[in-house]
Amino acid sequence: QVQLAESGGGLVQPGGSLRLSCAASGSMYGFNTMGWYRQAPGKERELVATITSGGSTNYADSVKGRFTISRDNTKKTVYLQMNSLKPEDTAVYYCHLYRTYLGVNYWGQGTQVTVSS
């Protein structure tokens with residue numbers, strides 16, 4: 001069993017920064033993809049950024065140049081550094097883990113990010 005726990009969300013003014021963390025507990029092997037998704041009220045959940053166990057990253061066009069995803073495999077933690085935040089970034093952010101060779105998905109409970117003046 002794998003459990004994901006997000007932290008770091010909160011209220012921030014436009015142009016500000018936040019760092020989200022997601023810690024994985026339980027058994028986790030090297031070949032996997034971790035990432036962040038977000039869901040705003042009335043909208044579908046969308047991919048924000050992903051990172052493989054080898055360090056390859058992928059970003060949504062809307063966050064390129066502003067967000068940076070990283071991971072610490074020893075600590076089994078993935079991070080999302082969010083800079084130059086905009087009101088449209090407001091959403092619940094969910095941590096995600098995909099076990100490549102097992103085809104199993106895991107989701108965190110979500111953390112609220114609100115960008116408002």
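Start at 1 with the first residue, then count along the sequence. These figures come from a predicted structure and were not determined experimentally.
Side-chain contact, Q109 with E6: a donor N or O sits under 3.5 Å from an acceptor N or O.
Checked against side chain to side chain contact (heavy atoms under 4.5 Å, CB included), A60 has the following partners two or more places apart in sequence or in another chain: S62, V63. Scanning for side chain to side chain donor-acceptor pair (under 3.5 Å) contacts around T114 gives Q112, with sequence neighbours left out. Partners of A23 by side chain to side chain contact (heavy atoms under 4.5 Å, CB included), not counting sequence neighbours, listed by chain and number: T77. Partners of K64 under the side chain to side chain donor-acceptor pair (under 3.5 Å) rule, at least two apart in sequence or in another chain, are D61. Partners of S84 according to the side chain to side chain contact (heavy atoms under 4.5 Å, CB included) rule, which considers only residues two or more places apart in sequence or in another chain, are R66.
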Starting from the C-alpha separation in whole Å, work towards a yes-or-no answer on side chain to side chain contact (heavy atoms under 4.5 Å, CB included) for L18 and L85.
-> CA-CA 8 Å; L18 284 174; L85 283 162; 4.2 Å; yes
Would V113 and D89 count as a side chain to side chain contact (heavy atoms under 4.5 Å, CB included) if you check the C-alpha gap in whole Å, the side-chain angles of each, and the deciding distance to 0.1 Å?
-> CA-CA 8 Å; V113 172; D89 294 319; 5.5 Å; no
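Neither L11 nor L80 shares a network with the other; the hydrophobic side chains, linked directly or stepwise wherever heavy atoms of I, L, V, M, F, W or Y lie under 4.5 Å apart, form separate groups for each. Follow the hydrophobic side-chain contacts under 4.5 Å out from V92 and you never reach V48; the two are in separate clusters.
The stretch residues 46-58 participates, sequence neighbours left out, in these salt bridge (Lys or Arg N to Asp or Glu O under 4.0 Å) pairs: R38-E46. Residue pairs meeting the side-chain hydrogen bond (donor to acceptor under 3.5 Å, both in side chains) criterion with at least one member in residues 8-26, sequence neighbours excluded: S17-N83, R19-Q81. For residues 35-92, no pair satisfies disulfide (SG to SG under 2.5 Å), with sequence neighbours left out. Every pair passing ring-ring contact (aromatic ring centres under 6.0 Å, His included) that includes a residue from residues 79-99 is listed here, sequence neighbours excluded: Y37-H96, H96-W107. Residues in residues 35-65 take part in no disulfide (SG to SG under 2.5 Å) pair, two or more places apart or across chains. Screening residues 74-117 for disulfide (SG to SG under 2.5 Å), with sequence neighbours left out, gives C22-C95.
Within the 4.5 Å cutoff, no side-chain heavy atoms of S116 are placed close to those of P87.
Formation of a donor-acceptor pair under 3.5 Å by the D72 side chain with backbone atoms of K75 is found in this model.
A distance of 6.0 Å or more separates the ring centres of Y59 and F67.
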